[in-house]
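Input: a single structure, listed below in structure tokens.
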There are 2 protein chains.
Amino acid sequence: MLRGERTRTAVLDTAVALATEAGLSGLSLSQLAERLGVSKSGLFAHWKSKEELQLATIDQARKLWADRVVAPALRQPRGVRRLFALHEARLAFYTERVLPGGCFFAVAEFEYAGRTGAVARRLSEVLGEWLILLERLITEAVELGELPAGTEVGQLAFEIDAAGVAAMLHTRLLDASVHAARTAVLRRLRAATTDPNLLPEE
Amino acid sequence: MLRGERTRTAVLDTAVALATEAGLSGLSLSQLAERLGVSKSGLFAHWKSKEELQLATIDQARKLWADRVVAPALRQPRGVRRLFALHEARLAFYTERVLPGGCFFAVAEFEYAGRTGAVARRLSEVLGEWLILLERLITEAVELGELPAGTEVGQLAFEIDAAGVAAMLHTRLLDASVHAARTAVLRRLRAATTDPNLLPEE
DNA sequence: TAAGAAAAAGAACGACCGGTCGTAAATATT
DNA sequence: AATATTTACGACCGGTCGTTCTTTTTCTTA
């Protein structure tokens, strides 16, 4: 009963990695099967269509992101420390090259920017979740008094996310851009917080 | 002699638009030919291969960007005003929906983030040019005394670009994110400049 | 251990891909 | 007006795409 499950996750892990190289729509079943040493038709025993596999791949990438980025940050104490930890965990995800193409969602989101359909919709949902998480952490920091009461939550969330996205974009000069992304957010938060001692110096 | 030239630009204009929807590698010669009402083989009279057409498409997109974004900004007086005008021109390019998929280079850059080859190399070059332009305008502002002497040029260029990229990413909530991108850069520049009167209030 | 279900392989399909070829019209040059 | 050259076409190639169907292997369970 669990053999199928093992296969499925193995396939999806490879699919996530492959999608960051060839894109989520450029992901071909032949290539995927070959890389796994599996027959192409065997994949259809688990998903009825490519689109279903793409949707499952998105969920797998979401889990990976939750484990490697969100979970470590949530182990930090609430407030600006947790907020900055989330940003740093994200950057670490890039520098550690967990995925060959860098970031599954950045690649996929741009790829499907102008499209419609189930895949595009699901991607939007996940991106929305991410922004909501950022806003939640910011709101918590406000409630703790670590950020001033008038903080524009959405605006700050946008700025933090922007630094992360841009770090990913400049993949070929990754180290420099990750450093810039860290500095940008650190300064922004240190300038805004009521207690700069909560955050590292530069 | 100019009939061919007319055809070429017509093809490339369509190719630029199509590439923002399907991606630069997802751009298929059949679809391109069909949308133009032209035979696929006719395209090979102008470019020997798909890759050559892709490279020509990049140059065409670069021209479009130069006309619609860079040129208007350069009509503003040197310094922080020109710098902010460049950012605003970029955001206008997105809101006016000049291209269906939003931004040719953002889409393509992410698509080719993990790849090698002539197309990926050319894309990197153009992205590099863009960053250099940003840094040049910042440097000019420093020389004019509109930004303080110690300004970290690369860091500021990264932050401005990040806001633009992120605005593009959140395509489905475009208006809100463009506003956030404008606000982020405006505040950043107003905080840094020696003469806030040069910039609009929020 | 036999029966049944789940998992995987294999072969084949129609559609589309990038690309080539020979040819015919449109244009330029003489 | 005759000749080159550019521009474009239709037919076709080998290959890959996603998908389906049938068959075989593997595992689970009664």
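Any value given below was found using the heavy atoms of this structure, including those in side chains, with hydrogens, waters and symmetry copies removed. Proteins get letters first, then strands, A, B, ... in listed order; numbering begins at 1 in each.
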So, B/E125 and B/R121, do they make that salt bridge, N to O below 4.0 Å?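 Salt bridge between B/E125 and B/R121, a charged N being under 4.0 Å from a carboxylate O: no.
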
Is any NZ, NE, NH1 or NH2 atom of the basic residue among A/R187 and A/E202 found under 4.0 Å from an Asp or Glu carboxylate oxygen of the other? yes

Protein heavy-atom contacts under 4.0 Å, written 5' to 3' over nucleotides 15-26 of chain C as B (base), S (sugar-phosphate only) or - (none), form the string --SBBBB----S

Specify the residues of residues 32-39 of chain B, ordered by number, for which at least one heavy atom lies under 4.0 angstrom from an atom of DNA chain D. B/V38, B/S39

Take the protein atom CD of A/E52 and the nucleotide atom C1' of D/dT20, then report the distance between them rounded to whole Å.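 Between C1' of D/dT20 and CD of A/E52: 15 Å.
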
Roughly, in whole Å, what's the span from CG in A/L43 to C1' in C/dG10? 14 Å

Is there any side chain to side chain donor-acceptor pair (under 3.5 Å) pair reaching into residues 83-92 of chain B, and which pairs are they, with sequence neighbours excluded? B/E88-B/R182, B/R90-B/Y94, B/R90-B/D161

Quick one: does any side-chain atom of A/Q155 pair with a main-chain N or O of B/A180 as donor and acceptor, under 3.5 Å? yes

Counting only heavy atoms not in B/R81 (residues, nucleotides, ligands), do more than 12 fall under 6.0 Å from its CZ? yes

Students often mix this up, so state it plainly: with edges at 30° and 60°, are the rings of B/F105 and B/W65 parallel, tilted or perpendicular?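 The arrangement is perpendicular - the two ring planes meet at more than 60°.
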
I want to check one thing: is the phosphate of D/dA8, taken as OP1 and OP2, less than 4.0 Å away from some side-chain N or O of B/H46? yes

For a side-chain contact (heavy atoms from CB on, under 4.5 Å) with B/L86, tell me which candidate from B/I160, B/L137, B/V185 qualifies.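 Running side-chain contact (heavy atoms from CB on, under 4.5 Å) over B/I160, B/L137, B/V185 with B/L86 returns exactly one hit, B/L137.
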
Audit row: A/R136, A/E129, salt bridge (charged side-chain N to carboxylate O under 4.0 Å, His left out) steps and yes/no: CA-CA 10 Å; A/R136 206 187 76 207; A/E129 279 178 25; over 6 Å; no

